[in-house]
Amino acid sequence: MTLRLFNTLTGQLDDLVPMDGKALRMYACGPTVYDYGHIGNFRTFLQIDVLRRFLKLTGTPVRHVMNITDVDDRIIHNAAALGISIHEYTARFEEAFFEDLEALRVERPEIIACATEHIPRMVELIQRLAAAGAAYRTEDGSWYFRLAAFPDYGKLSKKDLSGMEDGARVDLDEYEKDSARDFALWKAAKPGETSWDTAIGRGRPGWHIECSAMAMEYLGDSFDLHAGGEDLMFPHHENEIAQSESVTHKPFARHWMHVRFLLVDGRKMSKSEGNFFTLRDLLIKGYKASAIRMALISVPYRHQLNFTFDGLIEATNAIERLRTFHQRLTQGNFPPGASPALQSAAETAQADYLAALANDLNTAEARAPIFDLLRAANTSIDQGQLFAADRDAILAVLAGFDAVFDVIEDHDAEPTRRALEWAAQSGRLADVAPELLARQSLTDEAIDALVAQRTQAKKQRNFARADQIRNELAEKGIVIEDSKDGVRWKRK
RNA sequence: GCACCGGUGGCGAAGCGGCUAACGCGCAGGUCUGCAAAACCUGUAUUCGCGGGUUCAAUUCCCGCCCGGUGCUCCA
């Protein structure tokens, strides 16, 4: 199954296959660790996760590099304000970032590269650029990329820069540049700022150079795919191409994938609009990590996603149905044998599911066959017409679904627990949803005991008492389900 | 201003030239149940922003308009 993925560079759907015939080499721009990640960041990482999981599911090994930008203006500024080193400052946000990725079940890339650990590679690249006449040094000791040296500039974002050359908007800080659009490769050290003493002078790297240096370090001069948020297309990715190809004269990345921004309540998320959410904000409001994952994944990556709390509730309910179904299959007893109708339904579902994802990662379309199968199977179970071999076939389809979506198996307790811990430590307890606290207030043992009491009451046909217990539990978000196979309960 | 994307049922969202317009959530009625929950069944867009055009045939292609969003600067 070959993935047809939209390629920003060519403007069309292209097959995504490893050019070396082995593993798919991909680079994805990671976070700048100056604050907690917000859901917009995570939509991008989640969609890239969908991509890599699909590749793996369909038999393509992945070598995925993600960078961590751990030095930039904001970091330097914020660290200085706190009077700590940039490493002390970034360490906690880097840790928080990975904790958040784990909560969202985002697989860890094979290689994670920090900018500050690759300074020599960047310096070397700048030297090569200088040798090629594509970089120059200004009086203050900064280095810039000479845009005029790269005629292909703009090929990714399809920008025609000829009309906007050295326009009216000239940045006063950068008057030394040859051309207003030339971008910084290396910023000369300013007094008191973190800097590195190198062959090209004392200073720190510009933002774009780190990705070129690290991508080439781990993936070679040319690789299969480069991915990131849509905002990075210009200028970041354009600049990466310019820097890299000016040195290697080979195509940098063959395929470019850009994830569209999400909106919150129909507006671009921003701190000033008051519609800005970190993952932690949502977890302490009582939303489950799986629901957030599902909501952010279910709209295909090339479409704007309007994030709302209603959408989160919808995702929660959809996941609940899937989980209940899964449980029904794994816990039920099914006689040996197979039903031809279900066998073929499972086969169809599997094929349609994979085909939808292979079509530019159409996650919305991919969900449909799974729910179709769910309904068909539930009907058969109700009619006593589902057999052991059917169960196995259907579970295999669900496994394929979860290999990408990863929401059926329940891992929600831990992220919520950690978020509550974090809230307590960082003075955010006031923001924790009361319902969440109520839900957490009963231990599993306490619930089991109450459920047992209710079962006893029911046996004695003391329904008033039984209902009383059920209502008490319901108030704390515990739902009881009676079935032929016994009583089940779950936290809402 | 220039550029790009989108407007499909109560909501989210597929489909993009021809099957009864997927799927999810919600809602209403029914089956089951001590009652619920879960599950299933039925119903829930004669219609795809508006107006033209092309075509035997358009939600799907073209033109115009209206509305929403995003990019052009740091940003996932």
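Heavy-atom basis, side chains included; hydrogens, waters and symmetry copies ignored. Letters A, B, ... mirror the listed sequences (proteins, then strands); counts begin at 1. What you see is a predicted model, and the numbers here were worked out from it, not measured in a lab.
Side-chain contact between Glu238(A) and Met233(A) is absent, with no heavy atoms from C-beta onward closer than 4.5 Å.
Looking at Arg302(A), its side chain has no donor and acceptor atom pair within 3.5 Å of the base of C5(B).
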How does protein reach along nucleotides 9-16 of chain B, written 5' to 3' as B (base within reach of a heavy atom under 4.0 Å), S (only sugar-phosphate), or - (no contact)? ---SSSS-

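Residue Asp231(A) has its side chain nearest to C75(B) when only G34(B), C23(B), C75(B) are considered. Relative to the side chain of Arg461(A), the nucleotides G34(B), C40(B), C5(B) differ in distance, and G34(B) lies closest. Nearest nucleotide to the side chain of Ala466(A), out of G24(B), U70(B), G34(B): G34(B).
Looking at residues 316-325 of chain A, you'll see Asn317(A), Ala318(A), Arg321(A), Thr324(A) sit with a heavy atom under 4.0 Å from some atom of RNA chain B.
Both key distances under 3.5 Å define a Watson-Crick or G-U pair, and stretches of 3 or more such consecutive pairs in RNA chain B run B:1-7 with B:66-72, B:10-12 with B:23-25, B:26-31 with B:39-44, B:49-53 with B:61-65.
The nearest heavy atom of RNA chain B to Gly266(A) and to Phe261(A) marks one nucleotide each, and the one closer to the 5' end goes with Gly266(A).
OP1 or OP2 of G71(B) sits under 4.0 Å from a side-chain N or O of Lys268(A). Not one side-chain nitrogen or oxygen of Arg454(A) sits closer than 4.0 Å to the OP1 or OP2 atom of C35(B). At the phosphate of G24(B), OP1 or OP2 sits under 4.0 Å from a side-chain N or O atom of Arg375(A).
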